[in-house]
Amino acid sequence: MIEVGQIKEVNIIDVNHMGQGVSRIDDFVVFINNAIEGDIVEIEIIEVKKNFAKGKLLKIIKKSENRINAPCQYFSQCGGCQLMYIDYKAQLEYKKNRVLNELRRAFVNTEGVTINDTIGMEEPFRYRNKTAFSVIKKNNKIIVGPYEQGTYNTVNINSCMLQTKEADEVVSILKNLLIKYKVEPYDKRTRRGTIRNIVLRSNKQNEIMLILVTSSEIFPNKELIVKELTTHVKEIKTVVQNINSRNTNLIMGYKNIVLFGDGTIKDTIGEFTFTISPDTFFQINQIQTEKLYEKAIEYANLNKDDICFDIYCGIGTISLMVAKYVKKVYGVEIVEQSIINARENAKLNNIENAEFLSGKAEEVLPMLYKKSINADVIIVDPPRKGCEKEVIDSIISMASKKVVYVSCNPSTLSRDIKLLEDGGYKLKEVQPVDQFPWSTHVETVCLLLRK
Ligand code: SAH
C-alpha cells in the first residue's frame with residue numbers, strides 16, 4: 001500500500017511527456033518532478049490516485065549521468081523550461097523517444113519507418129523571438145516575469161536565457177518606467193489596474209516589437225514611457241498597445257493601437273522576408289525553423305507540375321518557400337490578419353503562384369475537393385490539437401501522392417497518422433526537430449506516401 005507521507009527510495013526509469021521522472025513501486029507508477037532516468041532518489045509520497053502517485057524529490061542518492069546543474073538561476077520556480085536539469089544531448093534523445101512512444105501508443109505501423117535523431121541546436125540559448133510575461137504587484141513591488149510551473153503565479157525575473165539580451169534590457173527598463181510613471185499592474189481579483197502583460201517579439205537583427213497589453217485604452221503617461229524606452233533601447237522598432245479587457249488568462253485582446261513605428265517588424269527565413277503583426281503566428285525559433293522547413297521541402301520532393309496545399313499556413317511561410325518548386329500553392333488559414341500578411345508577403349517576395357484562402361481548414365478543404373481542386377502534395381502544420389476529422393477525410397478523398405505533416409504535438413500527430421494510415425497512406429520517415437530546447441516540446445516533420 002502506498003500512502004501519503006511515506007518516504008521511499010526509488011529508481012527513475014523514464015521521463016514522461018511533462019518532463020517528470022517516472023518510477024515504479026510494486027505495480028504503482030510514481031511521478032517525480034526534476035528526476036531523470038538513471039537517478040536513484042529518495043522521495044516523499046505527496047499524492048495517491050487510483051492508478052498513480054506523485055512523489056516529492058527529497059534527496060538524490062545516485063545521480064544519473066545525464067543530470068546537470070540547471071544553467072538558469074530561475075529554473076526551480078519558472079514554468080518556462082522543464083528539462084533544464086538534463087544534459088542537452090539527452091534532451092534530444094528524450095524527444096526522439098517521445099515521438100516514437102506516441103506513434104506506438106496510437107498503433108501506427110512503425111515497421112520500415114525511418115525515425116531520425118532529433119535535429120538539435122549548436123547554441124541552445126537566446127533562441128526565442130517571442131516571449132510573454134505578466135506584470136503584477138506583490139507586496140507593493142512590481143513583478144514582471146513568466147508563470148510558475150503549473151500555476152498562474154508570476155515569477156520575478158531579471159533576465160531570461162531564452163530571449164535576446166536586448167529583450168532582457170527592455171524588461172528591466174520598462175519595470176523602472178512603470179514605477180516612475182505610476183502605472184498600476186492589473187489585478188485579476190479586483191479587475192483594477194492598467195498593465196496586464198508585455199510581449200516582446202524580435203527578429204534576426206535583434207530589432208524589437210514591444211506589445212503592452214492593458215485592461216482598457218486608458219494608459220497613463222504612455223507617450224512619456226514610449227519616448228524614454230525607445231530612446232534607451234534603439235532596437236525597439238515598434239510599440240503597440242493591445243487592449244484586453246476580458247477576465248481571462250489569454251494574453252492578447254482584439255484591439256491594437258500603434259504607439260511607435262508602424263506596428264510591424266520584418267524578419268527573414270531563408271531568402272524570404274516576412275512582415276509580422278502583433279497577433280500573427282510566426283515560428284518562435286528561427287534557426288530551427290529553417291531546418292524544419294528544409295526537411296519538409298525535402299520530404300515533399302516537389303516538381304514543376306505539382307499543385308501543393310499548405311494547410312494551416314499562418315503568414316504563408318511554407319507556401320512562399322515551396323512556390324518556386326511548384327505550379328501553384330494554395331495556403332489555408334483561419335486568422336484573417338495572417339492571410340492579409342501572407343498576401344503581402346507573397347508580393348514582397350515577388351511570388352505570383354501562391355493563392356491564400358482564409359477560413360477553417362475543415363471547411364475550405366472539403367470545398368476545394370468539391371470544386372475538383374486537388375493537390376499532388378499536401379503539407380499540414382496544425383496547432384496543438386491536430387487536424388479536424390474533416391481535414392483528414394478530405395486528404396484521404398483527394399488521394400494526394402504525398403502528405404508532409406509538421407506537428408508541435410506528437411500525440412495528436414500520431415492520432416492523425418493512424419487515421420491517414422487507415423485511409424490508405426503509409427508513414428515513411430519521421431524527423432524530430434528541437435524548436436524549444438530545455439522544454440518538453442518537440443516539433444516533428446513526417447512523410448506519408450499513398451499506398
Ligand atoms: N505553417 C505556419 C503556421 C503554423 S501554426 C508557420 O509555420 O508559420 C498553426 C496555424 O494554424 C496558426 O496560424 C493558426 O492560426 C492556424 N489555425 C488554427 N486552427 C485552424 C483551422 N481550424 N483552420 C485553419 N487554420 C487554423
Side-chain angles (χ1 to χ4, degrees), residues 127-130 201 203-204 250-252 254 264-270 272-297 299-300 308-323 329-346 348-349 351 354-369 375 377-395 403-410 412-413 416 431 433 435-436 441-446:
Y127 63 80
R128 282 190 76 98
N129 60 21
K130 182 180 174 190
R201 300 186 80 156
N203 65 12
K204 272 196 195 133
L250 290 180
I251 293 174
M252 301 272 287
Y254 301 119
T264 64
I265 50 170
K266 289 203 163 42
D267 208 355
T268 55
I269 296 183
F272 300 100
T273 305
F274 297 91
T275 301
I276 298 155
S277 300
D279 22 42
T280 44
F281 176 89
F282 195 62
Q283 296 280 357
I284 297 278
N285 181 338
Q286 224 76 349
I287 297 174
Q288 294 302 91
T289 296
E290 284 184 12
K291 297 179 193 166
L292 179 76
Y293 289 170
E294 265 169 32
K295 235 334 141 197
I297 290 169
Y299 283 173
C308 179
F309 288 170
D310 172 17
I311 312 297
Y312 309 95
C313 69
I315 56 170
T317 30
I318 297 177
S319 304
L320 300 196
M321 291 185 82
V322 301
V329 53
Y330 291 87
V332 179
E333 162 64 44
I334 196 168
V335 176
E336 181 80 39
Q337 182 59 45
S338 295
I339 287 291
I340 294 170
N341 285 152
R343 289 181 186 136
E344 281 168 13
N345 290 330
L348 193 68
N349 294 286
I351 285 168
E355 183 174 337
F356 293 100
L357 308 168
S358 108
K360 294 181 180 166
E362 57 273 26
E363 289 170 8
V364 176
L365 220 52
M367 185 272 287
L368 288 171
Y369 179 61
V377 180
I378 299 183
I379 302 172
V380 294
D381 184 6
R384 292 191 64 74
K385 67 176 182 183
C387 295
E388 300 289 336
K389 183 77 171 41
E390 293 87 339
V391 171
I392 300 288
D393 289 343
S394 301
I395 295 175
V403 175
V404 177
Y405 196 133
V406 182
S407 160
C408 56
N409 182 349
T412 54
L413 167 77
D416 291 349
Q431 178 64 66
V433 179
Q435 291 274 78
F436 311 102
H441 295 287
V442 51
E443 195 86 11
T444 316
V445 49
C446 295

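Counting starts at 1 for both ligands and their atoms, in listed order.
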query = Is Phe282 close to ligand 1, meaning an N/O of one under 3.5 Å from an N/O of the other?
reply = no

ask   = For atom 9 (C) of ligand 1, which protein heavy atom lies nearest, and how many Å away is it?
value = Asp381 O, 3.3 Å

ask   = At a non-hydrogen distance cut-off of under 4.0 Å, which region of Tyr293 contacts ligand 1 (side chain, backbone, both, or neither)?
value = side chain

query = Below 3.5 angstrom, do we get any N/O pair linking Lys385 and ligand 1?
reply = no

query = If we only count N/O pairs under 3.5 Å, is Glu333 in contact with ligand 1?
reply = yes

inquiry  = Considering non-hydrogen atoms of the protein only, which is the closest contact for atom 25 (N) of ligand 1, and what is the distance?
reply    = Ile334 N, 3.2 Å

ask   = Checking Glu333 side chain against Val335 main chain: does a donor-acceptor pair fall under 3.5 Å?
value = yes

request  = Can you figure out which of Pro383, Cys387, Pro382, Gly316 has its heavy atom closest to atom 19 (N) of ligand 1?
outcome  = Pro383

Glu362 and ligand 1 - part of the residue with a heavy-atom distance under 4.0 Å = side chain

query = Any idea which atoms of ligand 1 are less than 4.0 Å away from a heavy-atom of Val335?
reply = 15 (O)

Side-chain donor-acceptor pair present, Asp279, Gln337, cut-off under 3.5 Å = no

inquiry  = Does only the side chain of Phe281 get under 4.0 Å from ligand 1, or the backbone, or both, or neither? Count heavy atoms.
reply    = side chain

query = Below 4.0 Å from any atom of ligand 1, is there a heavy atom belonging to Ser338?
reply = no

message = If the contact criterion is a heavy-atom separation under 4.0 Å, does Gly359 count as touching ligand 1?
response = yes

ask   = If only atom types and distance count, is the side chain of Asn345 paired as donor or acceptor with the main-chain N or O of Thr275 below 3.5 Å?
value = yes

Side-chain (Asn341) to main-chain (Thr280) donor-acceptor, under 3.5 angstrom = no

query = Is the count of non-hydrogen atoms from other residues, nucleotides or ligands lying under 6.0 Å from Ile287 atom CD1 greater than 12?
reply = no

